[in-house]
Amino acid sequence: MEKTIREQLLNLADVDYQKFSTALIPTIDNVIGVRLPELRKLAKIIAKGDWRAYLEHAETDYFEEVMLQGMVLGYVKTDLEEILRYIADFIPRIDNWSVCDSFCTGLKFTVKNKERVWEFIMPYLSSDKEYEIRFAVVMLLNFFIEETYISRILPLLDKVSHEGYYVKMAVSWALSICYVKLPEPTMSYLRNNSLDDFTYNKALQKITESYRVDPETKKWIRGMKRSKKQTPYSAQ
């Protein structure tokens, strides 16, 4: 099966898209160049068949092979605990922001199983691995930013401690969504937090980039920015 899957991926390669994707994901160099809609079509077909056998034998030489496995996990129909076991096996394969974010977006079963999935992702927030932490943060921003969880999410984001660029960017992204959806508790947090300057300033920047924030508020938010002299990560 795997040889057939790889052949299909290679046949779907688009040279222009390969160049575009490689530029967009600078941390990897194994992109075939398959567009996401094509990967989703293939993932849906696999998920309807013997997906367990596919995942058992699937290879990870190419970016698309890993992306495809993550997509399949978003489409399969099985009980919650089994899918969480497969997800736990998959997470160590994540080595870039694109696979991480697409994978998280596909885990829509979370909506009906929030407390169990919350429990599942918590250990990843204290991992020492960049993309394990990003996985947990992106899961939070996709499925948990609401009144029920905001009082738990903000302290958790404040405690995330990792120098990885893609962790910092995920936390700033999550905080911007917190502000857009729940401005009052998020503003209270932003006035008193332990974020490093880079993450804090990026969160403010992302808030001001939202079309859901009015111009006057954006001006006020910009005024909260910490000075560059205090920002050790400004070069990033």
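Remember, predicted model here, so these are calculated numbers, not experimental data. When reading the values below, keep in mind they use all heavy atoms of this one structure, side chains included, and skip hydrogens, waters and symmetry mates.
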What are the two closest heavy atoms between Val34 and Tyr17, and how far apart are they? O-CE2, 3.3 Å
Just by distance, do the side chain of Thr208 and the backbone of Gln205 share a donor-acceptor pair under 3.5 Å? yes
So, Glu65 and Arg6, do they make that salt bridge, N to O below 4.0 Å? yes
Beyond-backbone contact of Val99 with Ile28, side-chain heavy atoms, under 4.5 angstrom: no
Same cluster for Phe109 and Val111 if Ile/Leu/Val/Met/Phe/Trp/Tyr side chains link at under 4.5 Å? yes
Taking the inter-plane angle between the rings of Phe135 and Tyr124 on a 0 to 90° scale, is it parallel (under 30°), tilted (30 to 60°) or perpendicular (over 60°)? perpendicular
So CD of Glu146 and CZ of Phe144: to nearest 0.5 Å the spacing works out to 8.0 Å
Close aromatic pair by centroid cut-off 6.0 Å: Trp118 and Tyr149: yes
Heavy-atom nearest pair, Ser172 first then Ala203, reads CB-N, 3.4 Å
In terms of hydrophobic clusters joined by side-chain contacts under 4.5 Å, are Val137 and Met122 together? yes
Determine, step by step, whether Ile133 and Val171 satisfy the side-chain contact (heavy atoms from CB on, under 4.5 Å) criterion, reporting the C-alpha distance in whole Å, the side-chain angles of both residues, the deciding distance to 0.1 Å, and the verdict. CA-CA 10 Å; Ile133 302 174; Val171 171; 5.9 Å; no
So CD of Glu130 and NE2 of His162: to nearest 0.5 Å the spacing works out to 5.5 Å
Lys114 atom NZ, over 12 foreign heavy atoms within 6.0 Å: yes
Ser126 side chain vs Pro123 backbone, donor-acceptor pair below 3.5 Å: yes
Could you state the interatomic distance from CG (Leu12) to CZ (Arg35), rounded to the nearest 0.5 Å? 11.5 Å
Within a reach of under 6.0 Å around CD of Glu147, are more than 12 heavy atoms found that belong to other residues, nucleotides or ligands? no
Working to the nearest 0.5 angstrom, can you tell me the gap between Gln69 CD and Trp51 CH2? 13.0 Å
Between Asn142 and Met139, is there a donor-acceptor pair closer than 3.5 Å when you use the side chain of the first and the backbone of the second? no
With Thr27, which residues qualify under side-chain contact (heavy atoms from CB on, under 4.5 Å), at least two apart? Ile25, Asn96, Tyr131, Tyr166
Answer yes or no: is there a side-chain heavy-atom contact under 4.5 Å between Glu209 and Lys218? no
Same cluster or not: are Leu24 and Met169 linked, directly or through other Ile, Leu, Val, Met, Phe, Trp or Tyr residues, by side-chain heavy atoms under 4.5 angstrom apart? yes
Measuring only between side-chain heavy atoms, which start at C-beta, is Asp61 closer than 4.5 Å to Asn30? no
Positive for side-chain contact (heavy atoms from CB on, under 4.5 Å) with Val160, one of Thr199, Val167, Leu195: Val167
Hey, quick one: are Met71 and Ile45 part of the same hydrophobic cluster, counting side-chain heavy atoms closer than 4.5 Å, chains of contacts allowed? no
Take Leu204 and Lys202, measure what side-chain contact (heavy atoms from CB on, under 4.5 Å) needs, and give me the verdict at the end. CA-CA 5 Å; Leu204 298 185; Lys202 276 294 179 183; over 6 Å; no
If you take all heavy atoms of Glu132 and Ser127, which pair is closest and at what distance? OE1-OG, 2.8 Å
Is it true that Glu82 and Arg85 make a salt bridge, defined as a side-chain N closer than 4.0 Å to a carboxylate O? no
Any donor-acceptor N/O pair, Thr186 side chain to Pro183 backbone, under 3.5 Å: no
Taken in chain and number order and not counting sequence neighbours, the residues that satisfy salt bridge (Lys or Arg N to Asp or Glu O under 4.0 Å) with Asp95 are none
side-chain contact (heavy atoms from CB on, under 4.5 Å) for Val117 and Phe143? Distances and angles first, verdict last. CA-CA 10 Å; Val117 176; Phe143 299 107; over 6 Å; no
For Leu154, does its backbone N or O pair with a side-chain atom of Asp158 as donor and acceptor, under 3.5 Å? no
Closer than 3.5 angstrom, by distance alone: can the side chain of Glu64 be matched with the main-chain N or O of Val31 as a donor-acceptor pair? no
Taking the side chain as every heavy atom from C-beta outward, state whether Leu9 and Glu38 have any atom pair closer than 4.5 Å. no
Is it the case that the side chain of Lys206 and the backbone of Leu175 share a donor-acceptor pair, with hydrogens and angles ignored and the cut-off at 3.5 Å? no
Test side-chain contact (heavy atoms from CB on, under 4.5 Å) on Arg52 and Thr78 and set out the steps. CA-CA 11 Å; Arg52 294 178 182 85; Thr78 186; 3.5 Å; yes
With respect to Leu68, which candidate in Tyr62, Tyr54, Phe63 satisfies the side-chain contact (heavy atoms from CB on, under 4.5 Å) definition? Tyr54
Taking the side chain as every heavy atom from C-beta outward, state whether Trp220 and Met187 have any atom pair closer than 4.5 Å. yes
Report the C-alpha distance between Ser188 and Glu184 in whole Å, list the side-chain angles of each, state the deciding distance to 0.1 Å, and finish with yes or no for side-chain hydrogen bond (donor to acceptor under 3.5 Å, both in side chains). CA-CA 6 Å; Ser188 178; Glu184 291 186 10; over 6 Å; no
Hydrophobic cluster membership, Leu10 vs Leu39, 4.5 Å side-chain cutoff: yes
Heavy-atom closest pair, residues Val138 and Cys104: CG1-CB, 3.6 Å
d(Thr60 OG1, Ile94 CD1) to nearest 0.5 Å is 12.5 Å
Quick check: closest heavy atoms across Arg226 and Asn193, and the distance to 0.1 Å? NH2-OD1, 3.0 Å
Give, for atom CG of Leu84 and atom CZ of Arg116, the distance between the pair rounded to the nearest 0.5 Å. 5.0 Å
Taking every heavy atom of Ile46 against every heavy atom of Ile5, the minimum-distance pair comes out as CD1-CD1, 3.7 Å
